[in-house]
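Here the structure is laid out as structure tokens; the discussion comes afterwards.
In each ligand, atom 1 is the first atom listed, and ligand 1 is the first ligand listed. We use all heavy atoms of the structure for the numbers below, so side chains are in, but hydrogens, waters and symmetry mates are not.
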Amino acid sequence: MSKIRFEAIVKSANRDLITIQEHGRRSEQFGTKVFNEDRMLQYLTKDALESVKGAIFSGSKIDRKIADQVAEAMKAWAISAGATHYTHWFQPLTGTTAEKHDAFFDLLPDGRALEKFGGGQLVQQEPDASSFPSGGIRNTFEARGYTAWDPTSSAFIYGTTLCIPTIFVSYTGEALDNKAPLLRALHAVDESATAVAKYFDKNVSKVNATLGWEQEYFLIDKALAHSRPDILMTGRTLVGHQAAKGQQLDDHYFGVIPSRVLSFMGDLEQECTKLGIPVKTRHNEVAPNQFELAPVFEEANLAVDHNLLLMDVMEKVADKHAFKVLFHEKPFAGINGSGKHNNWSLATNTGVNLLSPGSTPMKNLQFLTFFINTIKAVDTYEELLRSSIASASNDHRLGANEAPPAIMSIFIGSQLSRVLDELEGVSQGKLSPEEKTELKLNVVGKIPEILLDNTDRNRTSPFAFTGNKFEIRGVGSKTNCAKPMTILNTIVAKQLKAFKKEVDALIDKKNLKKDEAIFNILREYIKASKRIRFDGDGYSVEWEKEAKRRKLSNNRNTPEALQILTSKDSLALFKTMKVMSEVEVAARQEVELEAYIFHTQIEGRVFNELVYNYIVPAAIGYQNTLIKNVMGLKDIYGAAHKKLSDGQLSIIEQIAEHISEVKKKADAMTQARKRANGLKDINKRAKAYCENVKPHFDEIRYHCDKLEQLIDNSVWPLTKYRELLFIK
Ligand code: ADP
Ligand code: MG
């Protein structure tokens, strides 16, 4: 056994349990590291507090004097809580977060030292973060990037640093990050949804999109993770034969959480609680060593920030517990990968969930309005929504019969399907009094409240209605939720805006009553968006055929899925909803394609290393042992050795065959990679990586895994699945 593998296994097996800290009462610790309303009340004047709250509620500007006050208050609080530095915390297009710390410490001209932080530093910074991907925006505009305070997401202290959530934009105003477009999309959906919600309640003046994510992840012992170059470099195992036991016994799912893991979770939850991340649920997932964590849902922008922060906190806490967290969507072959369901809804300032069926016909008409408009939006822009969850690593999941297929469809369950069918039968134009009663009392009025405990869930559906929210199931575990949230909220905003216009036109021109007009339009939408509704098995081959007949997109890989971003319709959508300009969209497409290429390229390189420096040498070593053995037998037994060395000779030959094949495939892959790299056009390059490079990966793996089965365990250099996957 290689030294590194041996030592890692010993280390992992002898880990002491890092005992669970005294955790105390959660509610008392909640948000203690956050500059939230409680802190502001304590540190700000009434005017300043009102101004910040106004900015949060309506996006109003905070003037410089107030910003100075807020900065002074933040500084006082942060320093009293032990912070020494501050940073603008932002989300470059790499998909993660970035920070550049500055000390509060400063010197006066006379050499005296002090702690300094003013409105200027709070509101805007120029991190000169010129190495982040910008999809050519910087080059085109020769603009530097700057970060600007997002007062809707509270500042927090992380370690000894005050972190201020910010957007990251170029001087000419183009968003260089994932947060700015999200904020614009949330603003758009607020505007459109508020206007529609007013049909039902004049008091509604704001609608927030809500997001509750469910984060899946794997935990691996740190020493074991470090013993494998593929896990370190790519976040997943490129080779590895399946362990004899996988998830077939279903004994991990919701099972007893191992004590080492529980101890990690306890510390993690405490840290999250202090940072204001309202974590609530934890459990084992389907695959061995796979777990899930879910919070109470929040306003979408805050929830996105919290998910990004969580992923960072997880890595740090895991490290303390000698674990490595794997967020990759498919770290191990043969067992489930990880996703991040995005539960989404719309909430009014009056405390109503617009996707919650109500107890009266009017409330249910409101519910149906938002429900059906969402369905219509997804139907119109299904391909765009699919594009928002595309990535090299998520390609391993989508359509792989464990996660939703790459085809978008909506599951609403049989009860709501029946309601929509009945609504579809509404006659056109004015309704007779009987029709009205029939509709209101018998159709809309009876949407059963038991929907809330809708157990009738279809796990194969990529977009499912689950009682009082929709759930996007295809989001990858690594993905920044800002991406799907930007698209979903933009398309719903666009749809609601069109709906309002159509309803108003019917009221004005055809002299219909409001609810009649609404019924009329909803009926048309139900008809028009029928193809997106599918309650059957999303994994089946029949569905794939049926989806094709329905003209639904089925983009199985990232380069294909990303094309739709720059279609005429998509660009028009982003522009009219003021979410992204053409330049910004094109930049994102380029950055995503580039990321796809780089990730695949890195995997290709690591494959070569594994083949040439690990697997082939180990195989040859063992083969030599066998050869020596056969020669020894020949020395002793002469011609009679043949019968005795039968088995050895067969293994020698099998090893030779796999070595030859694995080398051939690895070399072919390298050639394909070189050819791909030579392509100037980024679309062609991404396509070449997808179609000509990546297919070799499975072939190489096949032979490597065969060799793993043939070769003496004690000389195999790579930590095996059974060693990686079963934490005690
Ligand atoms: P699942 O059965 O999919 O595992 P869970 O109960 O684990 O469902 O997760 C439900 C998630 O939905 C939680 O993260 C919760 O916060 C979120 N959620 C519940 N209601 C809403 C809502 N109105 N808007 C957004 N998210 C919600
Ligand atoms: Mg879920």
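When the heavy-atom distances from atom 27 (C) of ligand 1 to Phe297, Trp213, Phe470 are ranked, the shortest goes to Phe297.
Checked against the 6.0 Å centroid threshold, Phe156 and Trp89 count as a close aromatic pair.
If you check the side chains of Tyr721 and Thr237, you find a donor sitting under 3.5 Å from an acceptor. For the residue pair Asn336 and Glu285, no side-chain donor N or O sits within less than 3.5 Å of a side-chain acceptor on the partner. There is a side-chain donor-acceptor pair under 3.5 Å between Gln290 and Ser338.
For ligand 1 and Val296, the ligand atoms under 4.0 Å from any heavy atom of the residue are 16 (O). Atoms of ligand 1 found under 4.0 Å from any heavy atom of Asn353 (numbered from 1 in listed order, with element): 23 (N). Applying the 4.0 Å criterion to heavy atoms of Ser345 picks out, from ligand 1, the atoms 22 (C), 23 (N), 24 (N). Close approach to Glu471 involves these atoms of ligand 1, each under 4.0 Å from a residue heavy atom: 3 (O).
Applying the salt bridge (charged side-chain N to carboxylate O under 4.0 Å, His left out) definition to pairs two or more places apart or across chains, those involving residues 479-488 are Lys483-Glu592. Listed by first and then second residue, the salt bridge (charged side-chain N to carboxylate O under 4.0 Å, His left out) pairs that reach into residues 181-200 are Arg184-Glu584, Asp190-Lys206, sequence neighbours excluded.
Looking at Trp344 next to ligand 1, no N or O pair under 3.5 Å apart turns up. Of the polar atoms of Leu211, none of the N or O atoms is found under 3.5 Å from an N or O of ligand 1, judged by distance alone.
The aromatic rings of Phe470 and Phe465 sit perpendicular to each other, their planes meeting at more than 60°, with 30° as the lower class boundary.
At least one heavy atom of Arg459 sits less than 4.0 Å from an atom of ligand 1. For Lys280, the closest heavy-atom approach to ligand 1 does not fall below 4.0 Å. Using a 4.0 Å cutoff on heavy atoms, Thr281 does not count as a contact of ligand 1.
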